[in-house]
Every structure is written in C-alpha cells, then in structure tokens.
2 protein chains.
Amino acid sequence: MITKAEKTKAFIIETVAPIFNKNGYAATSIADITKATGLTKGAIYGNFENKEQLAIAAFKFMVKSLMREIVKHMDKSDSPIEKLLLISDFYRNYYRYTNKMGGCPILNVGVDSNHQNTLLLEKVRTIIQRIQDQLATIIEEGIELGEISTEINAMYTAKRIDTMIQGAIFMAYTMDDDFYIQDTMNQIDKMINEELRA
Amino acid sequence: MITKAEKTKAFIIETVAPIFNKNGYAATSIADITKATGLTKGAIYGNFENKEQLAIAAFKFMVKSLMREIVKHMDKSDSPIEKLLLISDFYRNYYRYTNKMGGCPILNVGVDSNHQNTLLLEKVRTIIQRIQDQLATIIEEGIELGEISTEINAMYTAKRIDTMIQGAIFMAYTMDDDFYIQDTMNQIDKMINEELRA
DNA sequence: TTAGTAATATACCAATTGGTATATTTTAAG
DNA sequence: CTTAAAATATACCAATTGGTATATTACTAA
C-alpha cells in the first residue's frame with residue numbers, strides 16, 4: 001500500500017532534484033527546499049535523515065528518469081550498431097531535455113561532489129561505470145553479430161564515447177551553445193560508421 | 001613600487017585559489033580563507049571588495065599560470081602541427097599538474113558558477129573562447145604553411161579538440177583515473193596526424 | 001465515533017554565514 | 001625618532017545554516 005509519506009517523499013524528491021542540480025549541494029539550503037515544496041522542516045526531516053540523504057535521493061531520481069528515457073530510445077532497434085546511433089541521437093535532444101532539470105546531473109554532481117561529498121561522488125562513479133558497461137556490452141554484441149569489427153576494443157571505445165559525450169555536455173552548458181553537442185554527436189556517428197562498422 | 005598590501009593580496013590569492021577550486025564558491029567560507037591564510041577578516045576585506053571578487057581573482061590567477069605553462073610548452077616548436085602535438089603532450093601531465101591546485105579551474109568553476117554566479121561564469125566563457133581562438137589560429141597558420149589540409153575548418157576543429165580535452169578532464173577527475181586523459185590525447189594526436197595533416 | 005498512530009508543523013537551538021565599523025599595529029617618509 | 005597613513009586585527013552585526021524536540025494535525029483501523 002502507498003502511504004501518505006511515500007507520496008510526500010516522492011513529491012519532495014521531484015521538487016528538490018532540479019534545485020540541487022542547478023545550485024549544487026552546498027548552495028542549496030533547507031530553506032530553499034521548504035520554500036520550493038511548501039512544506040516545513042518537520043516534513044522534510046520526517047522523510048529524510050538529513051540534507052545529504054535527500055541530495056542522494058534527488059540524484060538517483062534524476063539519473064533513473066534519464067536512464068529510462070535513453071533505454072526507451074535505444075530499444076527502438078535490436079541491432080547493436082543501430083542502438084549506438086540511437087544513443088547519439090538521444091543526446092541530440094539532451095540540452096533541451098536536461099535544461100528543464102537544471103542541467104546534466106552526472107556532470108553537475110560529479111564536479112560538485114568531488115573533494116566535497118564522498119557519498120555523492122560514489123553514486124556518480126557507479127552510474128558512469130554502469131553507462132560504460134552497458135555501452136561496452138552493446139559493442140560486444142555488435143562484434144558477436146558481425147556488425148562491428150573484431151579489431152575494436154569494446155571497453156576502450158565505450159569510455160571514448162562517454163568521454164566525448166561528457167565533454168560536449170560541459171561545453172554546451174558552460175558556453176550555453178548546443179552546437180557542441182550536435183557536432184560531437186556527428187563525430188560519434190562518423191566514428192561508429194567509419195571505424196566500428198565491420 | 002611594490003607595497004605591503006600588494007604582496008598580501010598576491011599571497012591571499014595564491015593561498016585561496018586551490019581552496020575555491022576544490023570546494024567551489026558557496027562551499028568556501030570566509031572562515032576557510034582566514035584560517036588558510038592566517039590572516040583576519042580585516043586583511044581580507046581590506047584587499048578585496050567581497051568574496052566574489054576574491055574568487056574571481058583566484059580563478060584568474062589559476063588560469064593565468066596554467067596558460068603560461070601551456071604557452072611555454074607550445075613554444076618549443078614553430079611548426080603549427082608540432083604545436084598542436086605539444087598541446088596534447090602538455091595535457092598528458094595535466095592530471096598530476098592540476099591535482100596540486102585542486103583540479104581543472106575551467107571545469108570546476110564552469111560547472112560551479114553555472115546558474116549561480118554570473119560574473120564567474122563570464123570569466124570562464126572568456127577563457128574558453130580565448131583558448132579556442134588560439135587553437136584556431138594555430139590551425140589556420142598550419143593551413144597557410146601547407147602543413148594542414150585546406151579541407152579543415154579551423155574553428156570547428158578547435159572546438160572539437162577543446163571539447164574532447166574537457167571531457168577527458170571531467171572523466172579523469174570524477175573517476176580518479178588518468179587513463180581518460182591519456183587515451184583522449186592519443187585520439188587527438190591520431191586526429192592531427194590522420195585528418196589534419198595535408 | 002474514537003483511539004492510536006503516522007505525518008507534518010512550530011518553535012527553538014548553537015554555530016556559522018558574509019560583511020562592517022572601529023581599534024590597533026605596521027610601514028615608510030621626513 | 002616622529003608622525004601620518006596604510007594595513008591589519010578585533011569586536012560586533014543581523015541573517016542564515018542544518019538540525020531537533022515537541023506540539024499539532026491528518027489518517028486509519030476498530
């Protein structure tokens with residue numbers, strides 16, 4: 001059964017996630033949180049142990065919804081090479097899409113938590129690792145199916161793609177220019193078609 | 001003549017720069033600053049208008065010393081294509097080098113200031129623009145000297161290289177793994193040799 | 001309807017925040 | 001050595017910080 005508190009908890013997370021994502025952990029106060037939710041400290045601390053645990057829940061929520069979207073998009077094809085192209089295609093809308101939630105949580109929390117919050121940094125690392133593993137798995141499947149050259153190192157290539165994507169996201173947000181993402185996705189497509197394809 | 005205050009000012013900036021870089025603007029308190037410098041609020045506010053101006057001075061200081069190093073390294077050759085290879089070579093030591101100062105100031109302040117501090121963000125943008133302009137100039141010189149293919153778009157290529165570098169820096173710091181930088185620099189070298197070269 | 005409990009609000013806490021006015025010390029010129 | 005000015009230290013400010021103990025309200029099962 002879904003209790004009142006569970007609904008409140010979900011509501012707090014949804015409301016607070018973009019605030020943490022935009023402002024960062026230290027620059028987000030409990031007052032910001034109560035103001036945005038319209039709730040009081042009692043409700044917040046009744047549902048979350050402390051600010052840190054709320055920030056972790058918010059990060060997980062953003063990543064989860066992001067991952068859901070990308071998997072949904074990716075599953076439009078069964079072909080590994082098509083899947084890779086669908087991933088870059090997903091990121092073509094990333095700037096517009098993530099602007100609503102205050103930017104890319106992986107980039108923002110990754111930088112924000114470094115030297116500052118061990119628990120959060122750990123969560124970011126886990127997510128990045130998972131993304132790269134999934135990318136590598138798709139590439140390996142492509143190799144097995146003969147779509148992708150056997151010369152390709154799946155993990156290296158996965159890391160390379162992920163690195164390019166994160167660079168593009170950083171540049172796009174810092175310079176407020178979607179070009180970086182579009183151009184990088186073109187480069188990744190080129191790489192898929194000209195280097196990966198068997 | 002070099003006054004006492006000028007020396008103190010420089011000392012404060014040097015001491016405080018890595019703290020701001022590591023912790024971010026909001027997470028760095030005036031108390032952190034007085035503790036690190038051994039000075040009091042009087043000395044800090046006697047030399048800087050406020051926390052924001054100090055953070056800006058600290059950012060400029062870090063970028064200036066970083067730029068000095070990269071230019072010094074780059075000037076080991078007169079050939080544009082060699083200059084490009086020397087840039088990627090410089091970044092091969094970037095992780096170790098910037099760890100001392102608490103990470104890459106462009107990445108850190110770029111992410112930290114977004115949605116938070118307009119003045120700082122503006123400084124970051126100016127620096128990124130300058131880096132890309134300088135990269136583009138080198139590429140153009142390479143084209144004029146016949147070292148680089150006339151097919152190459154200097155500004156696009158400059159942006160592409162810069163984007164890859166920033167992605168590598170983010171990944172290296174977030175995952176605490178220098179591999180991302182080394183691999184990306186290999187990729188950039190490959191790009192220079194196989195795509196740019198006339 | 002009522003009692004018990006779950007959920008939220010209120011009032012409060014010490015510590016810290018960025019910043020300032022003023023007192024004190026340090027410096028350099030005469 | 002003296003003195004004015006420059007530089008730094010001290011003491012203080014209201015506002016805000018994350019967090020808690022307790023009071024109040026909302027909900028649900030009997």
Side-chain angles (χ1 to χ4, degrees), chain A residues 1-59 109 112-113 115-121 123, chain B residues 1-59 109 112-113 115-121 123:
Chain A
M1 186 211 173
I2 197 164
T3 66
K4 181 93 189 297
E6 280 174 74
K7 272 200 282 184
T8 307
K9 201 166 179 174
F11 166 71
I12 294 170
I13 291 173
E14 286 168 39
T15 310
V16 144
I19 301 174
F20 269 118
N21 200 25
K22 258 186 261 181
N23 301 351
Y25 181 76
T28 303
S29 69
I30 304 295
D32 291 333
I33 288 160
T34 55
K35 206 196 287 178
T37 54
L39 295 169
T40 59
K41 288 191 177 189
I44 305 298
Y45 280 94
N47 286 287
F48 298 93
E49 195 190 331
N50 52 32
K51 189 183 158 185
E52 189 180 35
Q53 288 303 317
L54 176 52
I56 289 172
F59 174 70
V109 181
D112 189 56
S113 67
H115 299 110
Q116 286 289 116
N117 191 312
T118 318
L119 259 67
L120 268 172
L121 180 58
K123 303 297 169 196
Chain B
M1 183 214 179
I2 196 163
T3 65
K4 179 90 193 300
E6 280 174 76
K7 272 199 283 184
T8 307
K9 201 165 177 171
F11 166 71
I12 294 170
I13 292 172
E14 287 169 38
T15 310
V16 145
I19 301 173
F20 269 119
N21 199 26
K22 257 184 262 181
N23 302 351
Y25 181 77
T28 303
S29 69
I30 305 295
D32 292 333
I33 289 161
T34 55
K35 205 195 288 178
T37 54
L39 296 169
T40 59
K41 286 191 179 188
I44 305 299
Y45 280 94
N47 285 287
F48 298 93
E49 195 191 331
N50 52 32
K51 188 183 158 185
E52 189 180 34
Q53 288 302 318
L54 176 52
I56 288 172
F59 174 71
V109 181
D112 189 56
S113 67
H115 298 110
Q116 285 290 115
N117 191 312
T118 318
L119 260 66
L120 267 172
L121 179 58
K123 304 296 169 197

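Each chain gets a letter, A, B and so on, in the order its sequence line appears, and its residues count up from 1.
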Practice task
Decide yes or no, distance alone: a donor-acceptor N/O pair under 3.5 angstrom between the base of D/dG18 and the side-chain of A/K41.
Solution key: yes
Is there a side-chain polar atom (N or O) of [X] under 4.0 Å from OP1 or OP2 of [N]?
X     : N      : result
A/N50 : D/dG18 : no
B/T8  : D/dA7  : no
B/N47 : D/dT8  : yes
A/Y45 : D/dG19 : yes
B/S29 : C/dT17 : yes

Grab the [atom1]-[atom2] distance between [X] and [N] for me, whole Å please.
X     : N      : atom1 : atom2 : value
A/I33 : D/dT17 : CD1   : P     : 10 Å
B/N23 : C/dG18 : CG    : C1'   : 16 Å
A/I30 : C/dA11 : CD1   : P     : 19 Å
A/K7  : C/dA6  : NZ    : P     : 18 Å
B/I44 : D/dA9  : CD1   : P     : 9 Å
B/K51 : D/dT16 : NZ    : P     : 15 Å
B/K9  : D/dA6  : NZ    : P     : 15 Å

Problem - Sugar-phosphate, base or nothing in reach of B/L39, heavy atoms under 4.0 Å - result: sugar-phosphate
Exercise for the section: Scan A/T28 against the nucleic acid and name what it touches under 4.0 Å (heavy atoms): base, sugar-phosphate only, or nothing. Expected result: sugar-phosphate
Determine whether [X] and [Y] make a side-chain contact, defined as any pair of heavy atoms from C-beta on separated by less than 4.5 Å.
X      : Y      : result
B/I30  : B/Y45  : yes
B/I44  : B/I12  : yes
B/K51  : B/L54  : no
B/Y25  : B/V109 : no
B/Q116 : B/L121 : no

Fill in the blank from the handout: Angle separating the five-pair end axes of the helix from C/dT1-D/dA30 to C/dG30-D/dC1, nearest 10°, is 10°
Practice task
Determine, stepwise, if the pair A/E52 / A/L120 fulfils side-chain contact (heavy atoms from CB on, under 4.5 Å).
Solution key: CA-CA 8 Å; A/E52 189 180 35; A/L120 268 172; 5.6 Å; no
Problem - Shortest side-chain distance from B/T40, nucleotide among D/dG19, D/dA9, C/dA9 - result: D/dA9
Handout entry: Pairwise 5' ranking along DNA chain C for A/G42 and B/E49, keeping only the more 5' one
Key = A/G42
Handout entry: Side-chain donor or acceptor of B/K9 paired with backbone N/O of B/F48 under 3.5 Å
Key = no
